[in-house]
Amino acid sequence: MFTGIVTDIGRVREVRETDRDRRYEIETAWNTDGIDLGASISHAGCCLTVTEKGADWFAVEVSNETLSKTTLGAWKTGDGVNLERAAKLGDEMGGHVVSGHVDGLGRVISITPEGGSHRIEVEAPAPLHRYIAAKGSITIDGVSLTVNTVTDQSDGTAQFTVNLIPHTQAVTTLGALAQGQAVNLEIDVLARYLQRMEAHRGPAR
């Protein structure tokens with residue numbers, strides 16, 4: 001489990017195809033002595049397992065399924081990556097409950113300055129529109145954010161907005177977002193269960 005609070009922007013230092021999947025080496029400012037092999041780390045919102053490590057880097061292997069369903073398939077050497085270690089019991093819940101399972105790819109529609117912040121408008125694919133609500137939570141590339149507005153579209157997609165304060169722009173990769181860019185989306189796990197309950201709720205008595 002994660003909270004959507006990024007604690008390091010890592011860098012892809014090597015990309016290697018293996019006989020099974022694709023292997024990425026990630027540079028990090030973390031002290032890797034405290035990272036166990038087999039540990040779960042969120043990479044741009046996608047939970048991956050550490051398979052090897054060095055003094056200032058660690059390696060993960062990514063399946064073809066994950067490569068095809070997330071932005072990870074487009075990673076190249078030098079790219080920045082939002083990193084978060086798994087939450088421990090008793091940690092401060094600074095964001096919201098994040099599973100590290102990407103639900104779909106969004107697309108940045110527009111980026112508009114608002115004072116020192118930026119308003120980001122994102123298109124979410126169907127059927128994610130059912131789980132996005134104003135003032136609810138959503139994870140974009142591993143970052144916990146609050147939805148400002150959401151508008152359902154006739155084609156089944158949804159367009160929603162979030163605001164990035166200067167701090168978030170500085171300490172995550174979201175500060176470098178560009179119009180048209182794909183982003184990893186994870187809906188709020190509470191919204192997922194509420195939608196499931198509503199779909200199967202019997203008639204009122």
Side-chain angles (χ1 to χ4, degrees), residues 1-12 24 26-30 39-48 60 62 66 69-75 79-88 91-125 128-129 131-150 158-192:
M1 187 191 79
F2 306 93
T3 67
I5 303 299
V6 171
T7 56
D8 184 32
I9 300 179
R11 295 285 171 185
V12 178
Y24 290 107
I26 309 294
E27 292 180 345
T28 179
W30 291 338
S40 295
I41 294 176
S42 172
H43 299 69
C46 185
C47 178
L48 300 173
V60 293
V62 185
T66 299
K69 297 295 175 59
T70 70
T71 61
L72 277 62
W75 281 0
D79 283 351
V81 182
N82 290 327
L83 299 177
E84 181 191 354
R85 297 191 62 182
K88 298 183 178 68
D91 283 353
E92 180 179 358
M93 180 61 72
H96 70 283
V97 176
V98 176
S99 68
H101 301 155
V102 173
D103 291 301
L105 289 176
R107 180 177 62 87
V108 177
I109 299 173
S110 65
I111 302 173
T112 307
E114 287 190 343
S117 300
H118 284 76
R119 185 178 74 250
I120 311 296
E121 186 175 18
V122 179
E123 179 182 78
L128 297 190
H129 67 287
Y131 305 94
I132 302 172
K135 307 309 176 187
S137 296
I138 194 162
T139 307
I140 299 179
D141 280 351
V143 181
S144 172
L145 296 166
T146 300
V147 176
N148 290 334
T149 64
V150 57
Q159 295 179 1
F160 68 92
T161 62
V162 296
N163 268 70
L164 302 182
I165 62 173
H167 176 77
T168 303
Q169 297 173 59
V171 301
T172 74
T173 62
L174 300 189
L177 285 177
Q179 185 175 357
Q181 184 172 335
V183 290
N184 294 323
L185 299 179
E186 182 186 330
I187 58 176
D188 187 348
V189 65
L190 297 178
R192 186 196 313 275

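- Closest non-hydrogen pair, Lys69 versus Val102, comes out as O-CG1, 4.2 Å.
- Looking at Glu186 and Ser99, their side chains do bring a donor and an acceptor atom within 3.5 Å of each other.
- The two atoms that bring Asp8 and Ala29 nearest to each other are OD2-N, 3.1 Å, heavy atoms only.
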Asn82 and Thr172: side-chain hydrogen bond (donor to acceptor under 3.5 Å, both in side chains), yes or no, with the steps? CA-CA 6 Å; Asn82 290 327; Thr172 74; 4.6 Å; no

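- With hydrogens and angles left out, the side-chain atoms of Glu121 and Ser110 include a donor and acceptor closer than 3.5 Å.
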For Leu72 and Thr66, what are the C-alpha separation, side-chain angles and deciding distance, and is it a side-chain contact (heavy atoms from CB on, under 4.5 Å)? CA-CA 7 Å; Leu72 277 62; Thr66 299; 4.3 Å; yes

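- Distance CG/Asp141 to CG/Leu174: 6.0 Å, rounded to 0.5 Å.
- The shortest heavy-atom contact between Ala124 and Phe160 is CB-CE2, 4.0 Å.
- Each of Ile41, Thr3, Val98 was scored for a side chain to side chain contact (heavy atoms under 4.5 Å, CB included) with Glu84, with one residue passing: Thr3.
- Remark: the backbone N or O of Gly45 is not paired with any side-chain donor or acceptor of Asn184 at under 3.5 angstrom.
- Thr149 and Thr161 form a side-chain donor-acceptor contact under 3.5 Å, judged by distance and modelled atom types alone.
- Taking all atoms of both residues into account, the shortest heavy-atom contact from Val183 to Val122 is CG2-CG1, 4.2 Å.
- Tyr24 is linked by a ring pair (Phe, Tyr, Trp, His ring centres under 6.0 Å) to Trp75, counting only residues two or more places apart in sequence or in another chain.
- Nearest approach of His129 to Ala158, heavy atoms of both residues: CB-CB, 3.3 Å.
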